[in-house]
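What follows is one structure encoded as structure tokens, with my remarks underneath.
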Amino acid sequence: MKNYFSIKDIDSLDNWVKEAIELKKNPLRDVSLGTNKTIGMLFFNPSLRTRLSTQKAALNLGMNVMVMNFTGEGWSLEYGDGTVMDQGTSEHVKEAAQVVSQYCDVLAIRAFAKLEDREEDYEEKVLKSFIEYASIPIVNMESSVGHPLQALTDAITITEHKKTNKPKVVLSWAPHPKALPQAVANSFVEMMQRMDADFVITHPVGFELASQITNEVPIDYNQQNAFKDADFVYVKNWSAYHDYGKTSKDSSWMITQEKMKLTNNAKFMHCLPVRRNVVVEDTVLDSENSIVIEQANNRTFAAQLVLKKILKNI
Ligand code: CP
């Protein structure tokens with residue numbers, strides 16, 4: 001594997017999940033693999049988990065790590081071909097990507113959707129430009145369209161906690177005061193189509209994700225109905241795909257203890273960060289059924305597996 005751009009880069013999901021669970025038992029088993037190799041991590045947006053877990057993963061593999069918060073610190077990048085650069089952009093991605101390739105052996109990038117122009121966001125201009133012009137492998141740390149490190153983490157976490165071969169998994173939209181990208185939901189939906197799960201999505205009318213991502217996955221517009229007998233409730237806000245970037249604070253969709261009682265004693269999952277008592281009630285997040293911290297811990301082993309596979313291929 002050269003790049004980890006989307007979950008399509010996972011050749012055998014079962015093997016990857018098994019290998020990540022093995023890595024977790026002995027995280028330093030491959031500590032020599034990354035000796036004298038450097039990962040560069042470019043952030044165009046904030047992060048807690050992705051930044052620290054990917055850094056931890058690289059350290060577990062013996063790599064050197066360089067982190068740059070690009071927004072506010074890096075030059076403003078130009079992506080257009082043939083642009084007369086006499087406006088706000090200072091450096092073209094063609095040079096930036098090649099220059100970073102001189103200093104690093106692997107490059108990980110976070111660049112969220114701007115939620116202004118759907119076509120532009122779904123072109124994945126930032127990640128795809130770096131893939132085109134860099135000479136080193138690229139890892140997606142959340143792009144406009146997907147968050148494949150999170151989705152791999154979620155597959156690992158569900159596998160560790162499932163009690164049946166085919167658990168019922170519900171992806172539920174929840175309210176949020178700010179418009180958020182669809183990336184986490186998109187990658188989770190793609191992942192659930194690859195796992196053996198009885199999977200259903202629930203959200204208000206108007207919050208349908210892209211049909212090229214949801215395919216035949218059932219959508220239930222009645223959240224309480226969707227929760228019935230669920231083994232896992234995965235919660236995430238996303239803004240509208242069709243009425244692009246529209247959000248809603250409809251508190252009737254907040255996850256409550258009452259709603260969780262409808263489930264089969266379901267585990268509560270969220271990628272974090274989460275807004276307490278807006279997205280989910282304290283009582284749910286603080287309950288024994290909440291596995292959000294374990295989920296965050298598994299980010300390290302998902303990232304470590306991806307970096308290990310890339311390092312073996314360099
Ligand atoms: N889940 C996740 O990607 O968290 P951060 O935004 O803090 O990295």
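Only a predicted model underlies this, so the values are computations on that prediction, with no experimental measurement involved. In listed order, ligands and their atoms are each counted from 1. No hydrogens, no waters, no symmetry mates; every other heavy atom, side chains included, goes into these values.
- Aromatic rings of Tyr221 and His203 (six-membered ring for Trp) have centroids within the 6.0 Å cut-off, being under it.
- Partners of Pro46 according to the side-chain contact (heavy atoms from CB on, under 4.5 Å) rule, which considers only residues two or more places apart in sequence or in another chain, do not exist here.
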* To do: Show your reasoning for whether side chain to side chain contact (heavy atoms under 4.5 Å, CB included) applies to Phe44 and Leu77.
  => CA-CA 11 Å; Phe44 292 86; Leu77 292 186; 4.1 Å; yes

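- Under the side-chain contact (heavy atoms from CB on, under 4.5 Å) criterion, Ala296 pairs with Arg49, not counting sequence neighbours.
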Checklist line | Worked check of side chain to side chain contact (heavy atoms under 4.5 Å, CB included) between Tyr4 and Met1 | finding: CA-CA 7 Å; Tyr4 187 62; Met1 182 182 72; 4.1 Å; yes

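- Under 4.0 Å from any atom of ligand 1, one finds heavy atoms of residues Ser47, Leu48, Arg49, Thr50, Arg110, His147, Gln150, Cys271, Leu272, Arg299.
- Annotation: side-chain contact (heavy atoms from CB on, under 4.5 Å) contacts of Ala58 (sequence neighbours excluded): Ile39, Met63, Val65, Leu307.
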